[in-house]
A.B. asks: 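Provided herewith is a single structure, encoded as structure tokens, for subsequent inquiry.
Quick note: numbers below take in every heavy atom, side chains included, and nothing from hydrogens, waters or symmetry partners.
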Amino acid sequence: RCGALRRGVDPLRPELDWRTTTSIEVARARAALLEATRSYFAEQAVLEVQTPCLSRAAVSDLHIDSITTHVTGRPAFLRTSPEYAMKRLLASGYPDIYEIGRVFRDGEQGERHQPEFTMIEWYRRDFGLQAIIDDTTTLLGRLCSDLLTGDIAQYTYDEALEQATQLHSDSPTQRLIDYVGADIAATFAHDHDALLDYVFDTAVARQFESDRLTVVSHYPAAMAALAEINDDSQRALRFEVYVGTLELANGFVELRDAGEQRARFERDLASRAQRDKTVVPLDERFLASLSAGLPHCAGVAVGFDRVVMLATGHRDIREVVSFSEL
């Protein structure tokens with residue numbers, strides 16, 4: 001029995017494997033990457049902050065589901081990112097800030113997704129789109145320097161889409177249906193934006209090289225989420241960073257108009273209701289902070305566990321976290 005326990009399995013309950021899902025070597029690599037991240041932000045005079053994991057409000061995004069719990073008998077939600085709270089800090093007069101913390105998303109599980117994961121999120125005041133892209137690629141380049149031998153590739157969303165598929169984000173929905181096939185299109189209820197996402201994930205990102213950072217910017221306005229819209233091009237001032245098909249970062253020039261943000265949230269809630277998804281309470285404190293005045297800024301979220309995957313050569317996120325039991 002003692003020998004069996006040393007191997008991690010209790011013979012009386014063999015279904016319980018209590019061993020860690022990662023190695024000591026990966027844990028050391030994770031610690032070194034965290035140290036390098038904090039070192040980068042210290043050099044840049046970016047202040048580390050901590051924000052709550054629990055809130056009475058939840059994210060409205062149709063494609064992200066919060067995990068619900070209860071506190072003193074009332075519904076509460078585990079954060080899907082620290083974004084709203086960090087923007088409240090900026091509106092309160094904080095300088096450039098970053099946080100490394102745990103976030104939670106329901107329904108996300110697989111080789112690249114876990115319901116609980118580590119996120120690096122940061123905000124830089126008075127940064128435009130290219131400045132925040134450069135900031136992000138500098139940090140990621142430092143964290144993954146041994147693996148990235150090629151130069152950074154940068155495309156607009158439509159450049160990447162057209163190069164891989166001959167489609168455009170404004171292509172008629174029927175063209176997208178013809179491209180993916182009627183059976184697949186039906187699973188997305190012929191939703192134009194959902195089909196675009198599917199095409200991008202399955203056809204476009206597969207073209208990105210695995211030895212370099214690829215930046216995709218200027219997303220369609222419908223994919224703006226919390227990003228500013230370029231008035232001339234009607235494209236979101238949003239970008240993502242990939243290595244091969246692995247998405248590492250998602251960033252915006254941040255929307256500061258409280259009325260427009262509320263309108264987007266309400267459209268999200270209407271879409272959730274149409275799809276029989278939970279209609280969640282909006283973060284009124286966050287909206288109030290926008291009304292008080294969010295400074296011009298840009299922000300980024302990086303999936304830190306995916307950075308650890310890349311740096312250690314693992315293909316499954318469960319191999320780079322201490323325990324994966326959900």
A.B. asks: Taking the six-membered ring for Trp, are Phe286 and Phe265 parallel (under 30°), tilted (30 to 60°) or perpendicular (over 60°)?
C.D. replies: tilted
A.B. asks: How long is the straight-line distance from CZ of Phe127 back to OG1 of Thr136, given to the nearest 0.5 Å?
C.D. replies: 9.5 Å
A.B. asks: Before accepting this row, confirm whether a basic side-chain N of the pair Glu254/Arg124 lies closer than 4.0 Å to the acidic partner's carboxylate O.
C.D. replies: no
A.B. asks: At what distance, to the nearest 0.5 angstrom, does CD of Gln154 lie from OG of Ser217?
C.D. replies: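 The CD atom of Gln154 sits 5.0 Å away from the OG atom of Ser217.
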A.B. asks: Decide side-chain contact (heavy atoms from CB on, under 4.5 Å) for Val204 and Gln163; before the verdict, give the C-alpha distance in whole Å, the side-chain angles of both, and the deciding distance to 0.1 Å.
C.D. replies: CA-CA 8 Å; Val204 181; Gln163 182 173 302; over 6 Å; no
A.B. asks: May I ask you to test the Leu248-Leu246 pair for a side-chain heavy-atom distance under 4.5 Å?
C.D. replies: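 Counting from C-beta outward, Leu248 and Leu246 do come under 4.5 Å.
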A.B. asks: Is a side-chain donor or acceptor of Arg56 paired with a backbone partner of Pro75 at a separation under 3.5 angstrom?
C.D. replies: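 Looks like yes, one N/O pair under 3.5 Å.
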A.B. asks: Can you find a heavy atom in the side chain of Gln261 that is under 4.5 Å from one in the side chain of Leu226?
C.D. replies: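 Answer yes - side chains close enough.
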A.B. asks: Using the side chain to side chain contact (heavy atoms under 4.5 Å, CB included) criterion, which residues pair with Thr173? Sequence neighbours excluded.
C.D. replies: Ile177, His192, Leu195
A.B. asks: Do other residues, nucleotides or ligands put more than 12 heavy atoms under 6.0 Å from the CZ atom of Phe41?
C.D. replies: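 Yes, enclosed.
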A.B. asks: Dump the intermediate steps for salt bridge (Lys or Arg N to Asp or Glu O under 4.0 Å) on Glu121 and Arg79, then the final yes or no.
C.D. replies: CA-CA 13 Å; Glu121 186 148 335; Arg79 65 181 183 180; over 6 Å; no
A.B. asks: Sub-3.5 Å donor-acceptor pair from the side chain of Arg306 to the main-chain atoms of Glu247, do we have one?
C.D. replies: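 The answer is yes, because a donor-acceptor pair under 3.5 Å joins these two groups.
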A.B. asks: I need the Asp257 CG to Ser291 OG distance, nearest 0.5 Å.
C.D. replies: 8.5 Å
A.B. asks: Return the minimal non-hydrogen interatomic distance between Cys144 and Val307, and the atom names on each side.
C.D. replies: SG-CG1, 4.0 Å
A.B. asks: Please name the pair of heavy atoms, one in Leu196 and one in Ser169, separated by the smallest distance, quoted to 0.1 Å.
C.D. replies: CD1-O, 3.8 Å
A.B. asks: Salt bridge (Lys or Arg N to Asp or Glu O under 4.0 Å) between Glu35 and Arg142: does it pass, once the steps are laid out?
C.D. replies: CA-CA 12 Å; Glu35 183 178 2; Arg142 180 179 295 192; over 6 Å; no
A.B. asks: Enter the distance from Leu143:CG to Thr138:OG1 here, rounded to the nearest 0.5 Å.
C.D. replies: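 Rounded to the nearest 0.5 Å, the CG-OG1 separation comes out at 11.0 Å.
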A.B. asks: Do Ile317 and Phe323 belong together in a cluster built from hydrophobic side chains that touch within less than 4.5 Å?
C.D. replies: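 No; Phe323 is not reachable from Ile317 via cluster members.
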A.B. asks: Under the criterion side chain to side chain donor-acceptor pair (under 3.5 Å), which of Gln207, Arg206, Arg112 is the partner of Thr245?
C.D. replies: Arg112
A.B. asks: For Arg105 and Asp61, what are the C-alpha separation, side-chain angles and deciding distance, and is it a salt bridge (Lys or Arg N to Asp or Glu O under 4.0 Å)?
C.D. replies: CA-CA 12 Å; Arg105 298 185 180 185; Asp61 192 310; over 6 Å; no
A.B. asks: Over 60° means perpendicular and under 30° means parallel, so classify the ring planes of Phe188 and Tyr198, tilted if in between.
C.D. replies: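 Ring orientation of Tyr198 relative to Phe188: tilted.
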A.B. asks: Provide the closest heavy-atom pair for Ala76 versus Leu54 in the form atom of the first, atom of the second, distance.
C.D. replies: CB-CD2, 4.4 Å
A.B. asks: Check whether any side-chain heavy atom of Val59 lies under 4.5 Å from a side-chain heavy atom of Val280, and answer yes or no.
C.D. replies: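 No. Closest side-chain heavy atoms not under 4.5 Å.
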A.B. asks: Give the cluster check for Leu290 versus Leu90: same hydrophobic cluster or not, with ILVMFWY residues linked at side-chain heavy-atom distances below 4.5 Å.
C.D. replies: yes
A.B. asks: If only atom types and distance count, is the side chain of Arg262 paired as donor or acceptor with the main-chain N or O of Leu287 below 3.5 Å?
C.D. replies: no
A.B. asks: Would a distance-only check, ignoring hydrogens and angles, find a side-chain to backbone donor-acceptor pair under 3.5 Å from Thr21 to Arg318?
C.D. replies: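 Answer holds: yes.
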A.B. asks: Side-chain donor-acceptor pair under 3.5 Å between Arg102 and Thr118, yes or no?
C.D. replies: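 Yes.
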A.B. asks: Between Leu176 and His190, does the side-chain contact (heavy atoms from CB on, under 4.5 Å) criterion hold? Intermediate values first, please.
C.D. replies: CA-CA 9 Å; Leu176 299 179; His190 296 179; over 6 Å; no
A.B. asks: Please check if the side chain of Thr22 supplies one atom and the backbone of Val321 the other of a donor-acceptor pair under 3.5 Å.
C.D. replies: no
A.B. asks: Which value, rounded to the nearest 0.5 Å, describes the distance between Glu266 atom CD and Leu282 atom CG?
C.D. replies: 7.0 Å
A.B. asks: Evaluate salt bridge (Lys or Arg N to Asp or Glu O under 4.0 Å) for Asp96 paired with Arg125, printing each intermediate quantity in order.
C.D. replies: CA-CA 6 Å; Asp96 293 355; Arg125 296 168 63 113; 5.2 Å; no
A.B. asks: When rounded to the nearest 0.5 angstrom, what is the spacing between CG in Leu140 and CG in Leu213?
C.D. replies: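 Reported value, rounded in 0.5 Å steps: 6.0 Å.
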A.B. asks: Are Val216 and Leu139 connected in a single hydrophobic cluster, I mean Ile/Leu/Val/Met/Phe/Trp/Tyr linked by side-chain heavy atoms less than 4.5 Å apart?
C.D. replies: no
A.B. asks: Nearest heavy-atom pair of Ala58 and Tyr84: which atoms, and what distance?
C.D. replies: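 Smallest heavy-atom distance, with atoms named: O-CE1, 4.4 Å.
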A.B. asks: Given Tyr219, which partner from the list Phe239, Tyr155, Tyr157 fulfils the ring pair (Phe, Tyr, Trp, His ring centres under 6.0 Å) test?
C.D. replies: Tyr157
A.B. asks: Is any side-chain heavy atom of His218 closer than 4.5 Å to a side-chain heavy atom of Leu129?
C.D. replies: yes
A.B. asks: May I have all residue pairs that pass salt bridge (charged side-chain N to carboxylate O under 4.0 Å, His left out) and include part of residues 149-172, sequence neighbours excluded?
C.D. replies: Asp158-Arg235, Asp170-Arg235
A.B. asks: Any carboxylate oxygen within less than 4.0 angstrom of a Lys/Arg side-chain nitrogen, looking at Glu228 and Arg264?
C.D. replies: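 Between Arg264 and Glu228 there is no salt bridge, as every charged N stays at least 4.0 Å from the carboxylate O atoms.
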A.B. asks: Please check if the side chain of Lys277 supplies one atom and the backbone of Leu62 the other of a donor-acceptor pair under 3.5 Å.
C.D. replies: yes
A.B. asks: Transitively linked via ILVMFWY side-chain contacts under 4.5 Å: Val243 with Val26?
C.D. replies: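 Linked within one cluster.
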A.B. asks: Looking at side-chain heavy atoms only, is the closest gap between Tyr40 and Val46 below 4.5 Å?
C.D. replies: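 Not touching, per the 4.5 Å side-chain cut-off.
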A.B. asks: Take Thr312 and Arg30 through the test side-chain contact (heavy atoms from CB on, under 4.5 Å) and record every step on the way to the result.
C.D. replies: CA-CA 9 Å; Thr312 59; Arg30 173 183 283 269; over 6 Å; no
A.B. asks: Please report the closest heavy-atom contact between Arg272 and Thr278, naming both atoms and the distance.
C.D. replies: NE-O, 2.6 Å
A.B. asks: Are a donor atom and an acceptor atom from the side chains of Gln130 and Asp134 found within less than 3.5 Å of each other?
C.D. replies: yes
A.B. asks: Are the side chains of Glu83 and Phe252 in touch, meaning some heavy atoms are under 4.5 Å apart?
C.D. replies: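 Side chain of Glu83 against side chain of Phe252, heavy atoms only: contact under 4.5 Å found.
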A.B. asks: Looking at residues at least two apart in the chain, or sitting in another chain, which of them share a side chain to side chain contact (heavy atoms under 4.5 Å, CB included) with Ala57?
C.D. replies: Ser55, Asp283
A.B. asks: Using the side-chain contact (heavy atoms from CB on, under 4.5 Å) rule, take Val49 and Tyr94 through it: C-alpha gap first, then chi angles, then the decisive distance, then the call.
C.D. replies: CA-CA 10 Å; Val49 298; Tyr94 274 57; 4.2 Å; yes
A.B. asks: Over all heavy atoms of both residues, which pair between Met86 and Thr51 is shortest? Give the atoms and the distance, please.
C.D. replies: CG-CG2, 4.2 Å
A.B. asks: Is there a path of hydrophobic side-chain contacts, each under 4.5 Å between heavy atoms of I/L/V/M/F/W/Y residues, joining Ile120 to Tyr242?
C.D. replies: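 Different hydrophobic clusters.
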A.B. asks: Is the shortest heavy-atom distance from the side chain of Leu34 to the side chain of Thr37 under 4.5 Å?
C.D. replies: no
A.B. asks: So, do Arg212 and Thr149 sit near enough that their side-chain heavy atoms are less than 4.5 Å apart?
C.D. replies: no
A.B. asks: Verify whether one side chain among Gln166 and Tyr179 offers a donor that lies under 3.5 Å from an acceptor in the other.
C.D. replies: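 No, no side-chain donor-acceptor contact under 3.5 Å.
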